[in-house]
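Naming: A, B, ... by sequence-line order, numbering from 1 per chain.
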Amino acid sequence: MNKMQRILPLVTSVVALLGMTSLSVSAQDVVETMSKTGVLHVAVQTQGPPISFVDKNGQRTGLAVEIVKGLAEASGLTLDLLDYDWKGLIPAVLSKKADFIAADMTPTQKRALKLNFTIPIFYSEVLSISMNNKGFKSWRDLNKQGVSIGVVQASSYVDMVKNFMPNATLKEFAGGGPSVAQAVASGRVDAAVMDRGGAMQYVKVYPGMQILDDVIRKEPLAFALRPDETHLLQYLNNYIRFIQTDGELDRLLAYWWNSTAWEKDHK
Amino acid sequence: MLAMYQNVFPFLLQGLWQTFVISMLAIFFGSLVGAFVGLGRARGNRWTVRGFGAYVHMLRGTPFLVQIYIVYFVLPTTNLAVFQLTSFQAAVIALSLYTSTYVAEIVSAAIEAVPRGQNEAAQAHGFNGFQTLWYVVLPQSFKMMMPPMGGVYVLVIKNTAVLSVIGVTELVREANVSIQRFPSFILSVFLLVALMYFCYCYPVLRLTRWAEKKWGGLHLNV
C-alpha cells in the first residue's frame with residue numbers, strides 16, 4: 001500500500017499534465033459541449049447515506065445525487081452518473097471523463113491548488129464516536145497519549161485529528177465509513193472522527209456506540225471541477241444560489257440531512 | 001440477518017457476474033496474446049525476443065493499479081478516438097495485457113524446458129522449424145504449461161477487485177455499496193463475498209488439475 005501511495009500522486013500529476021497539454025490543443029468550453037450533446041457527466045462516490053448511495057431498489061440516490069438530478073432537470077440535460085472509488089474521483093475529472101465531482105468533498109486549501117470548487121452547498125458537522133464503556137464524554141477527552149482514533153483514509157479528517165488531537169494516535173482505514181465504525185465496535189480503535197450523517201447511522205446499528213459531545217468543526221461541502229472551467233463554475237454556482245433562495249435546498253436538507261425521513265423510502 | 005441477506009444477495013450476484021465476464025474475457029484475450037508473445041520470446045529472432053521482453057518486463061514490473069489508471073485516465077488525454085474507452089473496455093484491455101505477460105512467461109519457459117535433444121532429433125528426421133515446433137516441442141511443453149496457468153487465472157480473477165477505481169461495479173464494489181445500507185453486517189457481507197470468490201476460483205483450479213492429469217502434467221514422456 002505504501003508503494004501505491006507513493007505512485008498515485010505521480011500518476012495523478014501525469015494525468016493532470018497530459019490533461020493540460022491536450023487542453024491547449026483543443027480549448028472547448030465544457031458547458032458548450034454539454035448543451036450540444038445534451039449530456040451532463042458527473043463523477044460520484046458511493047460513500048454512503050445520506051449523501052450518496054444505492055438504495056434498496058438499486059437506484060442511486062442521496063443528497064448530492066438529488067441536487068445533481070435537479071440541476072440536470074432544470075437545464076434540460078440527461079444525467080450520466082459515473083461511480084468511482086474515492087481514489088478515482090480527482091483523476092476522473094482531471095482526465096475529462098467527468099465534468100465535475102458531486103461528492104462530499106471538503107474544499108481544503110490543498111485540494112484547491114489542483115481543483116476549482118463551487119460555493120459551499122451546505123455545512124456538515126464533524127463529530128466523534130466511541131463505545132460507551134471507554135468513558136469519553138467529549139471529543140476533547142480524546143486528545144491524550146495512548147488513545148487511538150480511526151478515520152477514512154485520505155479524508156479531510158486526517159488533518160483534523162492531527163490539528164485538534166495531536167496527542168492521540170491516528171489510524172487510517174480504506175473502505176469508507178463502515179470499516180471505521182466496525183473498527184470502533186470491535187475495539188481496534190478507541191474512537192473515530194466522521195460527519196454527522198455517518199455517525200447517526202452507526203450509533204443506531206451498533207449497540208453501545210455513542211456520539212461524543214461537542215462538534216469538532218463545521219465543514220463546507222462543495223462540488224469540484226477542473227481549474228480552467230470558469231463557465232462551468234458559474235453555471236454550477238448559479239444553480240446552487242438558485243436552490244438556496246427558492247427553498248429547494250432547505251427541502252432536500254430537511255429530508256436527507258436533518259432527519260431520517262429518507263430511511264423508510266430508501267433503506 | 002435473513003432480511004439483510006435477501007436484500008444484499010441479488011446485488012452481490014450482479015457483481016459476481018461482472019467479475020466473471022471481465023475475468024473470462026481477460027483470460028481469453030490474455031492467453032491468446034500471451035501465447036503469441038511467449039512463442040516470440042522463445043523462438044523468435046533477436047528483435048522479437050528483445051521487443052517482447054521489454055513488453056513483458058514493463059508490465060510485470062509495474063503495479064496493476066497504475067496500469068489501469070494509465071489505460072483509463074491517461075490515454076484518453078491524447079484525444080485520440082481509439083483511446084476513449086468506457087470503464088468496461090478499459091478494464092478488459094488492462095487486465096488482458098496484464099494476463100498476457102504472465103502467460104507469455106509460462107509459455108516461453110515451457111518451450112525452453114523441452115530438452116534440446118528433442119529438437120535435434122526432429123531436425124535429424126528432416127522436420128523444418130515449424131514442424132519441429134508444432135509436432136514435437138509444443139505438445140510436450142503444453143503439458144508443462146497447465147499447472148502454473150491455473151495459478152495465473154486465479155490471480156487474474158482476484159485482481160478484478162481493484163477495478164472499482166475506474167468505475168467498474170464488480171463483486172467487491174457491490175459489497176462495499178451494499179454495506180453502506182447495512183453497516184453493522186460488514187463481516188457477514190464480506191464472508192459471503194469470500195465464499196463467492198471461492199466458488200468461482202476453486203473450479204478453475206480443479207479444471208487445470210484435471211487437465212494436468214488428463215494430459216500428463218509435468219512429467220515428460222521421453
With the side chain counted from C-beta on, respond yes when [X] and [Y] share a heavy-atom pair under 4.5 Å apart, and no when they do not.
X        : Y        : answer
B:Ile186 : A:Ser179 : yes
A:Pro49  : B:Gln180 : yes
B:Leu187 : A:Gln182 : yes

Interatomic spacing from [atom1] in [X] to [atom2] in [Y] - rounded to 0.5 Å:
X        : Y        : atom1 : atom2 : answer
B:Thr169 : A:Asp83  : OG1   : CG    : 5.5 Å
A:Lys87  : B:Ser164 : NZ    : OG    : 7.5 Å
B:Ile166 : A:Leu82  : CD1   : CG    : 11.5 Å

Six-ring centre of B:Tyr72, A:Lys97 cation under 6.0 angstrom, axis tolerance 45°: yes
Restricting to non-hydrogen atoms, name the atom on [X] and the atom on [Y] that form the minimum distance, rounded to 0.1 Å.
X        : Y       : answer
B:Val165 : A:Asp85 : CA-CB, 3.7 Å
B:Tyr69  : A:Pro91 : CE2-CG, 3.7 Å
B:Arg181 : A:Lys56 : NH1-CA, 3.6 Å

Does [X] [atom1] have over 12 foreign heavy atoms under 6.0 Å away?
X        : atom1 : answer
B:Lys158 : NZ    : no
B:Arg209 : CZ    : no
B:Phe36  : CZ    : no
B:Phe142 : CZ    : no
B:Met24  : CE    : yes
B:Tyr5   : OH    : yes

*asked:* If you apply the rule side-chain contact (heavy atoms from CB on, under 4.5 Å), what do you find for A:Lys96 with B:Thr77, and how did you get there?
replied: CA-CA 8 Å; A:Lys96 300 186 179 179; B:Thr77 58; over 6 Å; no
Hey, does the side chain of A:Tyr206 reach the backbone of B:Pro183 with a donor-acceptor pair shorter than 3.5 angstrom? yes
Donor-acceptor check, side chain of B:Arg173 to backbone of A:Tyr84, threshold 3.5 angstrom: yes or no?
yes
When the 4.5 angstrom heavy-atom criterion is applied to A:Ala92 and chain B, the contacting part is both
Cut-off 4.5 Å, heavy atoms of chain A, and the answer for B:Phe182 is neither
